[in-house]
Amino acid sequence: MSWKLRSSKFRHVYGSPARRERCYEGLRISRSAHEGEFCAVNPKFLAVVTDAACGGCFTVIRLDETGKIDPMIPKVIGHQGAVLDVKWNPFNDNVIASCSEDTSVRIWYIPDDGLEDNLSEPLMSLYGHHRRVTNVLWHPTAENILLSSAYDHKILVWNVNTGQAVTIITCHTDTIYSMAFNSDGSLLATTCKDRRIRVIDPRTGSVTREGQGHTGLKASKVLFLGTSKRLLTTGFNKLSKREFRIWEMDDLSRPLAHEDLDSASGAMFPFYDNDTHILFIAGKGDGNIRYYEIVTEKPYFYDLAEFKSSFPQRGLGFMPKRGLNTKRCEIFRFYKLHSGARGLCEPVSMIVPRRSDQFQEDIYPDTPGCRPSLSAEEWLGGYNRPPVLMSLRGHYNPSYTPKLHLNVPITKPMFTNGHDGMDATDNLRSPKTENELRSMVFRQEEEIRNLREELKSRDVRIRQLELELQNYKKREYPDNRDREESMEI
């Protein structure tokens, strides 16, 4: 069926880049070869992974601070290795998670007014991986549940309230490329370098469904198509051509549909808007963003249009639905990181052309908001609930201000010396499950690592003090040395 014979309210969606003064210029955008997005956005802040002379850092900017960015702007500098991914907490716009080559995952708190100085003390440091951590992902409905994947082929499910890894998923045999939750967070889909697609129960770590994915060796991505039991993956075929495929979750033996795109070499980032059923696909190093309308019957998707630009993108972030401008009929907004020396982050709005500036109910149904539907303990106990929806009519004004229920004050890091806020009696308690045993081992390894570093620093300090003492004696008592030498003669 030709799209010309089909009526769709999204046929004329177009991309509108922001004016230069509404962009963010002068950012030292990360040049890492990692296939990450390097950008995260919410209605308050923009976070961009940046280069640093040593260690790793990322920049957090208030959304209204557009224009030229001060090179000396305060940064988040706590990681010892390059930062590879950042994600904002969907239920708290002041909390962000980051992961790094230093094998750690860290949780940070950003004040409403932004950073006044470099931030080096996290709310919490999570240690459990043995190689660099490449991705972090917050749970879509449960509060303070976070996932992390690393080059040790493991996915850890963290309860941020306690700082413990409650589940360790070890079913992957190679590098994990991407992971995505379904709409209620009861299932997790992953793609891997072994070219397999897996659907996993994140509470137990067991694989519920598995199938052969893209045949190419380059990075592939996966996401759930909203509330439907379908998956979408992007990747490469044997001829290194880029493609995307739509799968039935209950049958991963072969795709329902696929589309060959081009022969470019950059990895593709898929984004799906469940409210409008529009799929956006952007390639790293490309200047364009393709978009399609997803339907429930054959051919399962329709080509809509393409946003074209002469500037290639280094990474992409997207604004949650509750932060869009409904008066402009904005249905999606990207934050495009430009390659090159300009260090530009450019907002690109996807607009449905309408003559009226009134609220359009047909393109703005109730959407997931900023209130969790489950606590971490409820989700770990086996409960599933759909997201709590909110109306986009009116301005963004969240009525819910969640808090992190940590076991330590919010101004101090959770792991100061390898502990996670537990007292001595908790450390002496025998582990009852395999996950508790592994968490205890991780804590002890981190404590040993910190003690070794402290011993090294103290040895260096002792040597410095000895040298200072010798120099002081030479300065203050120069005759003593001559008297001692004469006595020896």
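Basis for what follows: all heavy atoms, side chains included, without hydrogens, waters or symmetry-related copies.
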Determine yes or no for a side-chain-to-main-chain donor-acceptor pair under 3.5 angstrom, with Arg314 supplying the side chain and Arg31 the backbone. yes
Reference residue Phe280; test ring pair (Phe, Tyr, Trp, His ring centres under 6.0 Å); the match among Tyr292, Phe334, Tyr272: Phe334
Residue that, paired with Arg209, satisfies salt bridge (Lys or Arg N to Asp or Glu O under 4.0 Å) out of Asp201, Asp251, Asp250: Asp250
Parallel, tilted or perpendicular: which fits the ring planes of Phe332 and Phe318, with parallel below 30° and perpendicular above 60°? parallel
Any Lys/Arg nitrogen of Arg393 or Glu361 sitting under 4.0 Å from an Asp/Glu carboxylate oxygen of the other? yes
SB check Lys154 Asp152 (cutoff 4.0 Å): no
Below 4.0 angstrom, N of the basic side chain to O of the carboxylate: do Asp102 and Arg132 qualify? no
Just by distance, with hydrogens left out, do Ser16 and Ser349 show a side-chain donor and acceptor under 3.5 Å apart? no
For Val222 versus Ala189, what's the shortest heavy-atom pair and its separation? CG1-O, 3.7 Å
Between Lys87 and Asp85, is there a side-chain N and carboxylate O pair less than 4.0 Å apart? yes
Separation between CD1 (Ile289) and CD (Gln313), nearest 0.5 Å, reads 5.5 Å
Are any non-hydrogen side-chain atoms of Val76 and Leu115 less than 4.5 angstrom apart? yes
Does the distance from a Lys or Arg side-chain N to an Asp or Glu carboxylate O, for Glu248 and Arg230, drop under 4.0 Å? yes
Salt-bridge present (Arg385, Asp184; N to O < 4.0 Å): no
Check whether the side chains of His172 and Thr190 place a donor and an acceptor atom closer than 3.5 Å, and report yes or no. yes
Establish, from distance only, whether the side-chain atoms of Asn94 and Asp112 form a donor-acceptor pair under 3.5 Å. yes
Could you check whether any side-chain heavy atom of Phe58 comes within less than 4.5 Å of a side-chain heavy atom of Ser98, counting everything from C-beta outward? yes
Looking only at side chains, do Thr175 and His153 share a donor and an acceptor under 3.5 Å apart? no
Interatomic spacing from SG in Cys345 to CD in Glu25 - rounded to 0.5 Å: 11.5 Å
Interatomic spacing from CG in Leu156 to CD in Gln164 - rounded to 0.5 Å: 12.5 Å
Do you know the tightest heavy-atom contact between Ser183 and Pro387? O-CG, 3.5 Å
Would you kindly say whether His130 and Thr103 are connected by a side-chain donor-acceptor distance under 3.5 Å? no
In short, Asp93 meets Phe45 closest at the heavy-atom pair O-CD1, 3.5 Å
For Lys44, is there an ion pair with Asp113 - N to carboxylate O distance below 4.0 angstrom? no
Side chains of Thr233 and His214 only: does a donor on one sit below 3.5 Å from an acceptor on the other? yes
Please answer whether the main-chain N or O of Ser220 pairs with a side-chain N or O of Thr191 as donor and acceptor at a distance below 3.5 Å. yes
Donor-acceptor check, side chain of Asn325 to backbone of Glu330, threshold 3.5 angstrom: yes or no? no
Decide whether Ser30 and Ser32 meet the rule of one side-chain donor and one side-chain acceptor closer than 3.5 Å. no
Is it the case that the side chains of Gln212 and Arg195 hold a donor-acceptor pair, with the cut-off being a distance below 3.5 Å and no angle test? no
Between Phe224 and Phe181, does the ring centre distance come in under 6.0 Å? no
State, to 0.1 Å, how close Glu143 and Ala376 come at their nearest heavy-atom pair, and which atoms those are. O-CB, 3.3 Å
Indicate whether the side chain of Glu293 and that of His277 have a donor and an acceptor atom separated by less than 3.5 Å. no
